[in-house]
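To start, the structure under review is shown below, and the notes come after it.
Residue numbers start from 1 in every chain, and the chains themselves are labelled A, B, ... in the order their sequence lines are given, proteins ahead of strands. Small disclaimer: the values here were computed from a predicted structure and weren't measured. The figures that follow rest on heavy atoms only: side chains count, while hydrogens, waters and symmetry mates do not.
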Amino acid sequence: MMVLQSLRRQPMHGYALVQHIKQRSNDLLQVEEGSLYPALQRMLKDNLVSADWEISSSNRKVRTYRITPAGIKHLEREVSSFEQMLKGINLVLSPAESPAESPA
Amino acid sequence: MNWLRQLSARQQIYSDLSEEIQQHLAEKVDALMTDGMGRKEAEYAARREFGNVTRIEESGREPWRWPKMESILSDTKFAVRQLLRNPGFTLTVILTLALSIGVNTAIFSLVNALLLKTLPYPQPERIGVLFAHYTGPDISSGGEDPINLDGQMWEQLRDNVPALTSALSAGLNSGVNLQATTQSANQAKYVRNGRVSAHYLDILGLQPLLGRNFSLDEDRPSGPRAAILSYSLWHTAFNSNPNILGAQILLKSEAYTVVGVLPEGAITPLNAEIYTSLQPSQQGEGEGTNFSCIVRLRDGATWQQADSQLNRAFAVRAARFASKNPGDSMSFYTVPLQKGQSSRLRPEALALMAAAAFILLIACANLASLTLVRVLRRQSEIATRLALGATSWQIQRQFWVENLLLALIGGAFGLGTGYLALRGLLHLLPEHFLPVASVPLDGRVLAFTAGVSLLTSVFFGMLPALTTRKVDLRSAIASRAVAGGGIRLRQTLIAGEVALTVVLLAAAGLLIRTLVHFETLPPGFNPSGVLTAKASLDDAHYRDPAAFRRLMNESVAAMNQIPGVENAAVGLTLPYERTLNGGVIISDGAQAGHQVGADQIYITPHYFATLQMPILAGRDFAASDGPDTQPVAIVNLTFARKFFRTSNPAEAIGHIVDKTTRIIGVVADTQLSSGLSDGTTPLISEETIYVPTSQFATGANAPMLAVVHVWFQPSWIVRYAQPIEGLSAHMQRALSGVDPNLPFSGFYSMNDLMATTLATQRVEVALLSAMAGLALLLSAIGIFSLVANMVLQRTREIGIRIALGSTISQAMVQIGSSGASASALGLLLGLVLCAFALRIMSSQLYGIQVYDVPTIAGVLLALGAVTFLAITIPVLKIARVDPAKTLREE
């Protein structure tokens, strides 16, 4: 979800993607950088992203990933279901304000 | 080849991934070095933060794989390696499969061609033939027969059964002589003639390439003479002349107008080269039931309607049968052409299929036993794999893949073997024995073979697979994996296959005994040193009795002139052959006034001397017995016994038949193929009356000459003391000297004639013996491998026993008894099976009973000998066991 979200904002290559996610999460998410690649391969296989070899601004041969229309649809579905879940969790966790106990 | 493209694309994906990861690492290193790290340090940090490159690459590839396919592929690779490591096992299995599947393929091709393949006619399901169903106390079970029609029944069928289009063909079809005028200067050529009525070709849906089918006018008695040529005759005898229509050709020395040419490859059940119109009537041929009938259901009609109309039309015939056979009744029905055509061979074909299925079962039992041993031997391997975390399913799958692989290889070889066997089989069959033009290995046969291969792999793979589920990890790893179990199971399997072998052996034995019975029947004449030749006298010239007499006398005289020929004669039919059946009126004695049926044969003088048939009383015909002298006849012993009530031949002399004909001699019985008795006995000796050619069909009977020669080609016979070089050419020259337009249609020894008559029996014997032999071989392999395997397993135990004082022979007996007891049990079981199964063969057996002692003794002997060999050979290995060596291995 994070990968797709990042790619939706702008296409980028693997290394940039790792840096981007690290930054955005304020280094809270500590993962092996390599674990990104199997995930990208799965998304490639499922046609959620596409990849092309390009020359980067730093004059380096990089493989740039772009989100596909199918990827966008998938992302939206994921996000909305994630939001549903968050809502549910919030309701459960919020103290003593459940509708059943609200005054008539 | 989509997957191929995918496979190469995948290589690209993988290399992209690797390169990408390398680029990532390089970029990271650069970034870290910009932050002030040393190169070494940076590389190290980059790798640490990235994680295990190989593992990541691996899991990056995973989404692109077909997990099932690839693990099956690796299973297959492993299976191939396993099979190659055990060439003995692999070869045995493939050989067994090739033979058993080959037999099944060959036999199924026959069944397919005879019973399953659709006939090469349009809408074959609407073509039928007529059958009669007999019921009543006197009718043995299954009183159902194809029927022939006489002229009267034909007219009723044609006029009163509107649901059907009906047509006839002559029941007996012979050949005719065609004077081909276009080629090789007016030479006569013998061609197979099919005589058919007007709608015959229409019913088969055959449209001529040129011209038309016979018209109704051409089919009425004494209508215009018309002929339709087969494509091949048109091609060979008439140079494919496109203007042949309307041309006059000389057939039977009469002018026929060509009205049509059939397309290339057109097939009729008659398999003729030329077709002429039958012109059926109630006279002549139509006085008896001499016509075969085929029908086509008209549009909109149903077979039920046709059957009920048929029974109404033939009510007179049924009433006549009922009055002749009180208490019995007869009804008529239609049967699809294919079923009708193959009714003669159907039981044989199905019996052969059953025998082939037995072979397959035997093979499966062998293979199950072999694979069982293999699985047991690999128990430690299985246990190791289980211990390393393989699931039970993965191990099962490994075995199934191996079995399937074997079955497929075996099936492929089986197909090859089947093809060869089929070629051999067809070669063995006499010409026109099968009512089908070809026996192809078509899609259905291929599907059958593939299906059988898969089925066998399931059969023989199932048992071993089931046993692996019970592998006990601890004991299997702990012990040295000596596979001792499964003996009981294997013994049971072998008993089962021996039982089936016994049934096949007994069936083959009974058929062999039947054939031997026929072939050793006293022939009643001397079959060696004789050559015979047939020629068609269905010819306008020879409807005149005087011309016929002249031909007989002069041609026999000419053949007597051939140097080395001792005797020559002509007869309408010969021993072993189908005869003319006719009515004879007994004119004196106890049965005076009765008309009886008898085989009738016209002969020239010296027929008996030429065949060396003993004349038991009286004299042979002589040149002096002419058309105007006292009518005379000679009967055989059976005739004398049956109708003159005497077993003393001399007492038959002087009796009168047919009002004026005097019996002047009695000859010994010969074996012939009868149309007289209802039984299906291929050879029988029955009442026969011989008349001289000079008195045959004289006076009012003259039309008989033409009819008889439409049905039969008489035979010229010569006897020689020493084989004569070019005898057949001499005979042809002698005949041509009398009539240059009379070609012989074929030359036969008496053995050829017997072989033709006994063709069905011979083919049955050959096929079933081959299958029984194969079954015996497979059983021997089964017993052999059981015992050999036990010897191998118990070498250690035997070594210890011998070291402890047991003798080698004791050890041998102990091991050998396992095979012997399995075989003995199988034998018992087989004999019990025989008691039930072989009863269905009783209609095929002659001269012996179903429970035939010599046959059973033969089976016991064959099985005993083979079992003994199969046990002895592996057991002898025990003698080479060295106790010291075995104990050292401990």
Heavy-atom side-chain proximity of [X] to [Y] below 4.5 angstrom:
{"X": "E27(B)", "Y": "Q19(A)", "answer": "no"}
{"X": "F413(B)", "Y": "L97(B)", "answer": "no"}
{"X": "V53(B)", "Y": "L25(B)", "answer": "yes"}
{"X": "E78(A)", "Y": "Q5(A)", "answer": "no"}
{"X": "E83(A)", "Y": "V79(A)", "answer": "yes"}

* Spell out, as yes or no, whether a donor-acceptor pair under 3.5 Å connects the side chain of D442(B) to the backbone of V445(B). =>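 Pair found, side chain donor or acceptor close to backbone of V445(B).
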* Asked: Counting heavy-atom pairs under 4.5 Å to chain B, which of D46(A), L40(A), V18(A), L44(A) comes out on top?
  -> L44(A)
* Structure fact -> residues 60-72 of chain A vs chain B, non-hydrogen distance cutoff under 4.5 Å, contacting residues -> R60(A), K61(A), V62(A), R63(A), Y65(A)
* **Matching residue for N403(B) among T371(B), L408(B), L367(B) - test: side-chain contact (heavy atoms from CB on, under 4.5 Å)** =>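 Exactly one option meets the side-chain contact (heavy atoms from CB on, under 4.5 Å) with N403(B), and it is T371(B).
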* Residue among E19(B), Q23(B), E57(B), K28(B) with most heavy-atom pairs under 4.5 Å to chain A ->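 Most pairs with chain A among the choices: K28(B).
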* Neighbours of chain A found in residues 447-456 of chain B - heavy atoms under 4.5 Å ->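 Listed by number: none.
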* **Test log, rule salt bridge (charged side-chain N to carboxylate O under 4.0 Å, His left out), inputs E43(B) and R39(B)** => CA-CA 6 Å; E43(B) 272 177 12; R39(B) 171 164 285 275; 3.4 Å; yes
* Using non-hydrogen atoms only, which part of I13(B) is less than 4.5 Å away from chain A: side chain, backbone, both, or neither? ->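 For I13(B), the contact with chain A is made by the side chain alone.
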* To do: State the CZ-OG1 distance between R81(B) and T76(B), to the nearest 0.5 angstrom.
  =>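 Going from CZ on R81(B) over to OG1 on T76(B), the span is 11.0 Å.
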